[in-house]
Amino acid sequence: MGDPVARLASDVGALAGVHVELERPADAAHGDYATSVALRLAGEWRRQPREVAGEIADGVRGLDGVAGVEVAGPGFLNVTVADDWLAVGVAAILDAGSSFGGGSARAPERVQVEMVSANPTGPITVAAARNGAYGDSVARVLAFAGHTVEREYYYNDAGAQMERFRESVAAVRRGEEPPEDGYHGAYLAELAALDGDPVPHMLARIEASLERFRIHFDTWERQSEFEAEVGEALPLLDTYEADGATWARTTAYGDDKDRVLVRSNGEPTYFGADAAYIRRKLAGGFDRLVYVLGADHHGYVSRLQALAEMLGRPREAVEVLIYQLVHLTRGGEATKMSKRRGDVVFLDDFLDEIGVDAARWHLVSRGHDQAIEIDVDLAAEKANTNPVYYVQYAHARIAGILRHAEGADPGTVLRGDLADEERDLVKRLLELPEVAAVAAERRAPHGVPTYAIRVADDFHRFYHHHKVVGSEQQAFRLALCTATKVVIARCLDLIGVEAPERM
RNA sequence: GCGCCCGUAGCUCAGUGGACAGAGCGGCGGACUUCUAAUCCGCGGGUCGGAGGUUCGAAUCCUCCCGGGCGCACCA
């Protein structure tokens with residue numbers, strides 16, 4: 001088993017007879033790991049918590065690698081592990097290498113993550129970039145947990161908005177101003193200079209921006225293709241005719257009103273295309289369809305899940321991840337964004353300003369339920385104090401140490417006691433499996449950068465206090481550095497940030 | 001009116017039942033004959049929006065209230 005902490009927890013759990021989770025106490029006086037299992041068990045067993053804790057403690061004392069056990073406070077069980085146990089933990093990280101902390105999924109699924117999916121009427125904006133930064137990190141975290149993940153971009157290539165877009169480009173080509181309700185902005189002139197339908201050109205540009213942002217899509221799907229399949233999907237759904245239109249009875253599946261699939265003029269609605277789209281995705285063998293949508297789309301959740309149910313799947317087969325919106329300010333003043341007016345901040349400009357690493361870190365390091373505010377004027381300035389550099393610097397420092405060691409062998413046999421800074425760092429590294437598992441289960445990748453800061457913090461402190469190359473503990477410290485490098489590189493990869501060898 | 005999300009340090013935010021609530025930034029003061037000072041150490045700073053409730057224990061769960069964001073189309 002590649003997770004020493006999980007193994008210890010399960011050993012303690014076997015003694016207690018229930019599932020046990022170990023946490024790391026904030027106060028060093030409370031040992032290396034602690035559990036409140038006795039407090040929870042006391043009521044069930046109808047006995048005093050401390051008595052229950054004492055009984056479990058007797059068993060824990062005999063476990064391999066446990067150096068001490070204490071019953072504290074109302075009935076906490078505080079466990080101190082031996083230095084050797086920690087050394088074995090470092091060995092476990094080195095053995096697992098880049099797979100350390102992965103594979104937490106109990107039942108691996110085939111998952112499709114559909115994200116960004118902005119209509120190709122203009123370049124990718126910073127607002128859409130949050131969708132991508134979040135969605136791509138969710139995809140990475142799911143893949144690391146053991147799921148098979150595909151990323152898809154679904155775009156509208158027909159309909160009123162797209163016609164307005166095409167007309168705007170056509171107007172510029174004729175040397176006229178785009179229509180009042182059309183699209184404006186410098187990028188229109190660039191598209192007008194190219195031949196043919198501007199939509200494929202716009203898409204190519206969008207793809208290039210997203211690749212630069214380190215998001216790669218496996219598939220690109222067009223809405224018009226599914227509009228043609230609505231007729232095939234209708235018989236599979238719960239529908240009825242009213243006012244000349246075809247409706248889906250979504251209220252029978254948890255929605256607050258029924259939805260039109262085919263308009264009275266015979267044209268399918270956007271929702272109608274969605275139905276055909278979901279049908280094909282589910283038929284294509286996906287166990288789970290993840291949609292990454294902004295908070296302004298939260299009303300869609302129940303209707304999309306209603307479609308899943310009509311198609312004979314559990315509603316959880318369609319999982320909609322809602323993230324709160326990005327608010328842009330300029331010198332403290334809110335700026336309303338509208339692609340049509342051309343009053344937006346494009347991802348490429350943002351990346352020119354602060355770089356891909358700082359941008360990804362900034363957009364994914366807050367909880368997705370939290371609205372983000374970005375002051376465009378301060379963004380570049382703030383980029384210098386972005387914690388991403390703190391974490392990357394730790395990685396580069398380790399690379400420097402390893403270069404300096406010139407290939408000396410690492411080892412996990414100890415020559416003396418571990419220092420506090422070494423113990424703290426090892427325990428921190430051993431948290432990765434839990435951090436990665438939680439990020440995947442909750443679809444909450446922001447826990448990863450938070451954890452990465454802690455790792456860098458513990459490493460920088462260790463570095464400051466202890467010499468690696470030439471020390472008594474050189475072999476172990478080289479192993480510890482290598483393990484730390486593996487963990488930091490993994491964290492950064494999970495959020496699409498590079499791990500530099502030098503800075 | 002109905003629905004979803006959010007109110008934690010001066011600012012930006014972690015913390016989805018456990019031991020005195022944390023980090024980064026900003027402020028003040030220290031540390032480079034050294035494997036990278038993009039670092040480290042110290043100081044200051046909080047009625048966890050408010051009121052009830054559940055619990056041995058609540059920032060965390062429930063109810064109500066206040067404040068903010070978003071949404072309620074035969075638009076996409």
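So you know, we letter chains A, B, ... as the sequences are listed, proteins then strands, and number each from 1.
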Original post:
When you measure from the side chain of A:Asp258 to the backbone N and O of A:Thr251, does any donor-acceptor pair fall under 3.5 Å?
Top reply: yes

Original post:
Do the side-chain N or O atoms of A:Arg477 get closer than 4.0 angstrom to the phosphate oxygens (OP1, OP2) of B:C35?
Top reply: no

**OP:** Give the rounded distance in Å between these two atoms: CZ of A:Phe459 and P of B:U39.
**Re:** 13 Å

**OP:** Check every atom of B:C74, B:A19, B:C5 against the side chain of A:Ser264 and return the nucleotide holding the closest atom.
**Re:** B:C74

Original post:
Among B:A19, B:A14, B:A38, which nucleotide sits nearest the side chain of A:Met503?
Top reply: B:A38

**OP:** Would you mind classifying the nucleic acid contact of A:Gly470 as base, sugar-phosphate or nothing, using non-hydrogen atoms under 4.0 angstrom?
**Re:** nothing

Subject >> A:Gln370 side chain near B:A14 phosphate (N/O to OP1/OP2, under 4.0 Å) >> reply: yes

Original post:
So which nucleotide from B:C74, B:G18, B:C40 ends up closest to the side chain of A:Thr269?
Top reply: B:C74

Subject >> Euclidean distance for C1', B:G49 against B:U8 (whole angstrom) >> reply: 10 Å

**OP:** For the side chain of A:Gln324, starting at C-beta, report the closest nucleotide among B:G3, B:C74, B:C5.
**Re:** B:C5

Original post:
Considering every strand shown, what is the Watson-Crick or G-U wobble mate of B:C70 when both distances are under 3.5 Å?
Top reply: B:G3

Original post:
Any idea which of B:A14, B:C35, B:U16 is nearest the A:His404 side chain?
Top reply: B:C35

**OP:** Using a heavy-atom cut-off of under 4.0 Å over every strand shown, decide if A:Arg454 touches base, sugar-phosphate, or nothing.
**Re:** sugar-phosphate

**OP:** Quick one: label A:Arg40 by what it contacts on the DNA or RNA (base, sugar-phosphate, nothing), any heavy atom closer than 4.0 Å.
**Re:** base

Subject >> Nucleotide forming a Watson-Crick or wobble pair with B:G24, both distances under 3.5 Å >> reply: B:C11

**OP:** Give one of base, sugar-phosphate or nothing for A:Tyr390, where a contact means two heavy atoms less than 4.0 Å apart.
**Re:** sugar-phosphate

**OP:** Answer with base, sugar-phosphate or nothing: what part of the nucleic acid does A:Asp256 contact at a heavy-atom distance below 4.0 Å?
**Re:** nothing

Original post:
Under a 3.5 Å cut-off for both distances, is B:U39 Watson-Crick or wobble paired, and to whom?
Top reply: B:A31

Subject >> Single hit among A:Val90, A:Asp32, A:Thr484 for side chain to side chain contact (heavy atoms under 4.5 Å, CB included) with A:Val426 >> reply: A:Val90

**OP:** Return the nearest nucleotide to the side chain of A:Arg442; candidates are B:A19, B:U16, B:A37.
**Re:** B:U16

**OP:** Compare the minimum distances between each of B:C35, B:A38, B:C72 and the side chain of A:Tyr389, then state the nucleotide with the smallest one.
**Re:** B:A38

**OP:** Calculate the interatomic distance between A:Ile372 atom CD1 and B:A14 atom C1'; express it in whole Å.
**Re:** 14 Å

Original post:
Between A:Thr385 and A:His30, who's closer to the 5' end of RNA chain B by nearest nucleotide?
Top reply: A:His30

Original post:
Stepwise, does the side-chain contact (heavy atoms from CB on, under 4.5 Å) test hold for A:Glu221 with A:Tyr155?
Top reply: CA-CA 6 Å; A:Glu221 291 290 352; A:Tyr155 64 95; over 6 Å; no

Original post:
Using a cut-off of 4.0 Å on non-hydrogen atoms, how would the nucleic acid contact of A:Ala42 be classed: base, sugar-phosphate, or nothing?
Top reply: nothing

**OP:** Quick one: classify the glycosidic conformation of B:C32 as syn or anti, with syn meaning within 90° of 0.
**Re:** syn

**OP:** Look at A:Arg397 and B:U39 and indicate whether a side-chain polar atom (N or O) is within less than 4.0 Å of OP1 or OP2.
**Re:** no

Original post:
Is the side chain of A:Arg366 donor-acceptor paired with the backbone N or O of A:Leu363 at a distance under 3.5 Å, no angle test?
Top reply: no

Original post:
Can you check the A:Glu21 CD to B:G18 P distance for me, whole Å?
Top reply: 10 Å

**OP:** Quick one: pull up CG in A:Asp238 and OG1 in A:Thr250 and give me the separation to the nearest 0.5 Å.
**Re:** 9.5 Å

Original post:
Side chains of A:His466 and A:Glu421: donor-acceptor distance under 3.5 Å anywhere?
Top reply: yes

Subject >> Rounded distance in Å - CZ (A:Arg259) to C1' (B:C75) >> reply: 13 Å

**OP:** Counting heavy atoms from C-beta on, name the nucleotide in B:C70, B:C5, B:A19 closest to the side chain of A:Pro25.
**Re:** B:A19

**OP:** Tell me which of A:Arg366 and A:Pro74 sits closer to the 5' end of RNA chain B, going by the nucleotide each one is nearest to.
**Re:** A:Arg366

**OP:** Could you state the atom-to-atom distance from NE2 of A:His368 to P of B:U16 in whole Å?
**Re:** 13 Å

Original post:
Base, sugar-phosphate alone, or nothing: which one does A:Ala245 contact when heavy atoms must sit under 4.0 Å apart?
Top reply: base

Original post:
In whole angstrom, what separates A:Ile401's CD1 from B:U39's C1'?
Top reply: 12 Å

**OP:** Name the nucleic acid region contacted by A:Ala405, choosing base, sugar-phosphate or nothing; use a 4.0 angstrom heavy-atom cut-off, strictly under.
**Re:** nothing

Original post:
What does A:Leu39 touch in the nucleic acid at a heavy-atom separation under 4.0 angstrom: a base, only the sugar-phosphate, or nothing?
Top reply: base

Original post:
For A:Glu267, which contact category applies under a 4.0 Å heavy-atom criterion: base, sugar-phosphate, or nothing?
Top reply: nothing

Original post:
Across all strands shown, which nucleotide pairs with B:U63 by Watson-Crick or G-U wobble geometry, both distances under 3.5 Å?
Top reply: B:A51

Original post:
Base, sugar-phosphate alone, or nothing: which one does A:His297 contact when heavy atoms must sit under 4.0 Å apart?
Top reply: base

**OP:** Check every strand shown and say whether A:Asp457 touches a base, only sugar-phosphate, or nothing at a heavy-atom separation below 4.0 Å.
**Re:** sugar-phosphate

Original post:
Looking at A:His460, does any N or O in its side chain come under 4.0 Å of the phosphate oxygens OP1/OP2 on B:C41?
Top reply: no

**OP:** Go through the steps for A:Tyr389 and A:Asp357 under the test side-chain hydrogen bond (donor to acceptor under 3.5 Å, both in side chains), then give the verdict.
**Re:** CA-CA 9 Å; A:Tyr389 301 118; A:Asp357 289 336; over 6 Å; no

Original post:
Do A:Asp27 side-chain and B:C20 base share a donor-acceptor contact under 3.5 Å?
Top reply: yes

**OP:** For the pair A:Asp157 (side chain) and A:Arg222 (backbone), establish whether a donor and an acceptor sit closer than 3.5 Å, ignoring hydrogens and angles.
**Re:** no

Original post:
To the nearest Å, how far apart are A:His466 NE2 and B:C40 P?
Top reply: 14 Å

**OP:** Whole angstrom is fine here: how far is it from NZ in A:Lys257 over to P in B:C2?
**Re:** 15 Å

